[in-house]
Every structure is written in C-alpha cells, then in structure tokens.
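Data block below; observations after.
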Amino acid sequence: MKVLVTGFDPFGGDKVNPAYEAVKQMPDTIAGAEIVKLEVPTVFEKSSQVVKEAIQAYRPEIVICVGQAGGRSAVSFERIAINLAEARIEDNEGNQPFDTALEADGPAAYFTSLPIKAMTKNVRDHGLPAYISYTAGTFVCNDIMYRLLHLIKTQFPTIRGGFIHVPFSPDQVIDRPVGTPSMSLADIAASLTYAIEAAVMNKRDISGNAGTTH
C-alpha cells in the first residue's frame, strides 16, 4: 500500500510551514504502508494539479493533504470541504478569489473518505491532543481538499482521501500575540504518524459521537 501525504510551502509571510516540515519528519513506512511525501504550492488550483500528477505517478491507495491552521492548538481532522473560494489573503501567486465556485459542476460540499474518528482516537490514545473539525476554511486548504475529493469522485474512485490541519510551530509564534497556540514539529509529526496508522488499519470508520456545539 502507498499513502501520498502532501504539505504546503510557506505562505502569508511565514518562513516555514509546519505542515510539510512535519511531513518530512514522518517515517517512510507506517503500518506496512509506503509513505510518499510531497510539498505542494499554496496556490489555488495549482496545488491540486500537483496532487493529481502525483496520484498518476505513484498510484496511492490513500491521499492525505496537510495544511497549517494558525490559532488551532492541536492536529484537527477535517470532515467537510465546500465548493467555495473566499480568500482573505492572497495565495503565493497573488490570487485572491472570492464568491467563486471551485468546480462549476461540483456539489456544494464533499465529506472526507478517511476514517477520521479512528484517526483521532489513535492520536489521543498515544497521549497527543486531536479533534475533528467541521470547517476547512475558504483558503487553499479547503481548495485542495475539495478538489482532491472531486478527483476521487470523478476519476479515482478507489482512493480514500482527506485533509488534516496542524498548528503553528513554536518558532512561528515568537512575534505573534502572547498565548498564540503552537505545537512542536516532533509532536505534529507523531500525530500525523498515528493518524496515518489508523487510516491504513481502518478501511471503515469507528462509531462514536464527535459533535460540537459551535
């Protein structure tokens, strides 16, 4: 089995992106699966084109995209991506779309096909915080998740895929407001590793209430 794991390059003025930095620290094999690691550009549409080319080249059974969610305090597993681009800031090529559908013929939203409850549980069982999120935002993270799931629906139906958000790394919060959450790259990488382990081991998700009040 192959698992393609992507992480974004730095954006928004930061010199690093903990997404790909943590991906690089993961083992090359997890639960017997080969891990293919890939950096993708923080650019609308282009990032998903890079993912499509990697799918065609490596033929993975699972694709997991990883991105930075500054302000979150733990690794979070996204359940849903919406068919909307609404960029608060420019991407790395100066694009700032708004009121724009990502796929003109696509549905309003896609749900992840990853076993995110099992993934969350496995991370927590190893002593690290994790939770399920119900918004991937409206920037390039949501863009790549939606377009990945659209690719799976329309062209690669045997693949399972989804998206994981990770917090800032400690060096990113030095000049940010006091109390801004962060997580070490080692803990982020470990969380991703345990999550992928669960994804490989669970073709179907476990049952359990992961609801939120807001």
Side-chain angles (χ1 to χ4, degrees), residues 1-9 17-43 45-69 75-81 102-103 110-123 125-126 128 130 132-133 136 140-166 185-206:
M1 175 181 283
K2 289 182 181 178
V3 181
L4 172 64
V5 187
T6 74
F8 286 110
D9 61 2
N17 190 321
Y20 189 59
E21 294 304 315
V23 166
K24 289 191 294 184
Q25 291 189 15
M26 292 191 310
D28 294 329
T29 304
I30 299 174
E34 177 186 349
I35 307 303
V36 179
K37 307 169 186 179
L38 179 69
E39 185 177 43
V40 295
T42 307
V43 179
E45 191 170 359
K46 181 179 286 187
S47 58
S48 61
Q49 182 60 38
V50 173
V51 171
K52 180 180 179 180
E53 291 170 0
I55 290 173
Q56 293 170 329
Y58 296 105
R59 298 295 176 181
E61 285 82 0
I62 298 173
V63 180
I64 299 175
C65 300
V66 183
Q68 170 189 294
V75 168
S76 49
F77 303 96
E78 299 298 344
R79 179 174 290 281
I80 189 170
L102 300 176
E103 294 287 347
Y110 281 113
F111 286 89
T112 184
S113 51
L114 297 176
I116 56 175
K117 291 182 179 180
M119 294 163 74
T120 301
K121 182 178 185 299
N122 200 40
V123 175
D125 286 349
H126 286 86
L128 292 164
I132 292 173
S133 167
V140 185
C141 291
N142 176 75
D143 176 90
I144 198 173
M145 180 180 177
Y146 184 92
R147 292 183 192 276
L148 166 64
L149 296 175
H150 189 69
L151 281 172
I152 290 172
K153 177 69 174 180
T154 59
Q155 299 183 42
F156 306 104
T158 63
I159 291 176
R160 292 182 289 151
F163 191 91
I164 302 174
H165 264 126
V166 303
L185 286 177
D187 281 349
I188 295 174
S191 297
L192 296 176
T193 299
Y194 298 134
I196 292 169
E197 179 181 61
V200 171
M201 301 298 292
N202 292 270
K203 289 189 175 181
R204 293 184 178 180
D205 210 352
I206 61 176

Exercise. Closest heavy-atom contact between S133 and S76?
Worked result: CB-CB, 4.1 Å
Problem set entry | Partners meeting ring pair (Phe, Tyr, Trp, His ring centres under 6.0 Å) with Y110 (sequence neighbours left out) | Y146, H150
For this session: For N122, enumerate each residue passing the side chain to side chain donor-acceptor pair (under 3.5 Å) test, keeping only those at least two apart in sequence or located in another chain.
Result: E197
Seminar exercise, completed: Residue set satisfying side chain to side chain donor-acceptor pair (under 3.5 Å) with E61, at least two apart, ordered chain then number -> none
Problem set entry | Where at least one partner belongs to residues 143-155, residue pairs that pass salt bridge (charged side-chain N to carboxylate O under 4.0 Å, His left out), sequence neighbours excluded | E103-R147, D143-R147
Exercise. CD/E39 to OG1/T6 distance, rounded to the nearest 0.5 angstrom?
Worked result: 10.0 Å
Seminar exercise, completed: Sequence neighbours excluded, the answer for salt bridge (Lys or Arg N to Asp or Glu O under 4.0 Å) partners of D125 is K121
Exercise. Taking side chain as C-beta onward, heavy atoms only, is I55 less than 4.5 Å from L148?
Worked result: yes
For this session: Any chance you could lay out the side chain to side chain contact (heavy atoms under 4.5 Å, CB included) test for T193 and I35, step after step, and finish with the verdict?
Result: CA-CA 10 Å; T193 299; I35 307 303; over 6 Å; no
For this session: Keeping to residues at least two apart or across chains, list the salt bridge (charged side-chain N to carboxylate O under 4.0 Å, His left out) pairs with something in residues 46-58.
Result: K46-E93
Exercise. Side chain to side chain contact (heavy atoms under 4.5 Å, CB included) between V200 and V3: does it pass, once the steps are laid out?
Worked result: CA-CA 8 Å; V200 171; V3 181; 4.0 Å; yes
Identify every side-chain donor-acceptor pair in residues 156-166 under 3.5 Å, counting partners at least two apart or on other chains, and give the distances.
{"residue": "R160", "atom": "NH1", "partner": "A199", "partner atom": "O", "Å": "3.2"}
{"residue": "R160", "atom": "NH1", "partner": "N202", "partner atom": "O", "Å": "2.9"}
{"residue": "R160", "atom": "NH2", "partner": "A199", "partner atom": "O", "Å": "3.1"}
{"residue": "H165", "atom": "ND1", "partner": "E78", "partner atom": "OE2", "Å": "2.7"}

For this session: With the side chain counted from C-beta on, respond yes when L192 and V66 share a heavy-atom pair under 4.5 Å apart, and no when they do not.
Result: yes
Seminar exercise, completed: side chain to side chain contact (heavy atoms under 4.5 Å, CB included) with L4: of V63, I64, I62, only one passes, and it is V63
Exercise. In chain order, what residues pass the side chain to side chain donor-acceptor pair (under 3.5 Å) check against S113, with sequence neighbours excluded?
Worked result: none
Problem set entry | Non-neighbouring partners of K37 that pass side chain to side chain donor-acceptor pair (under 3.5 Å), sequence neighbours left out | D28
Exercise. With distance as the sole test, does S48 use its side chain to make a donor-acceptor pair with the main-chain N or O of I144 at under 3.5 Å?
Worked result: no
Exercise. So, the side chain of D9 versus the backbone of N17: is there a donor-acceptor pair under 3.5 Å, distance only?
Worked result: no
For this session: Could you tell me which non-hydrogen atom of F8 sits nearest to which non-hydrogen atom of S47, and how far apart they are?
Result: CE2-CB, 4.0 Å
Exercise. Rounded to the nearest 0.5 Å, how far apart are NZ of K2 and OH of Y58?
Worked result: 8.0 Å
Exercise. Taking all atoms of both residues into account, what is the closest heavy-atom pair of P60 and A54, and its distance?
Worked result: CD-O, 4.4 Å
For this session: Search all heavy atoms of P18 against all heavy atoms of I188 and return the closest pair with its distance.
Result: CB-CD1, 4.2 Å
Exercise. T112: what forms a side chain to side chain contact (heavy atoms under 4.5 Å, CB included) with it, not counting sequence neighbours?
Worked result: L114, I116, M145
For this session: Measure across C141 and A136 and return the closest heavy-atom pair with its distance rounded to 0.1 Å.
Result: CB-O, 4.0 Å
Problem set entry | Side-chain touch V5/I196, heavy atoms, less than 4.5 angstrom | yes
Problem set entry | Heavy-atom pair of closest approach, residues A198 and A118 | CB-O, 3.6 Å
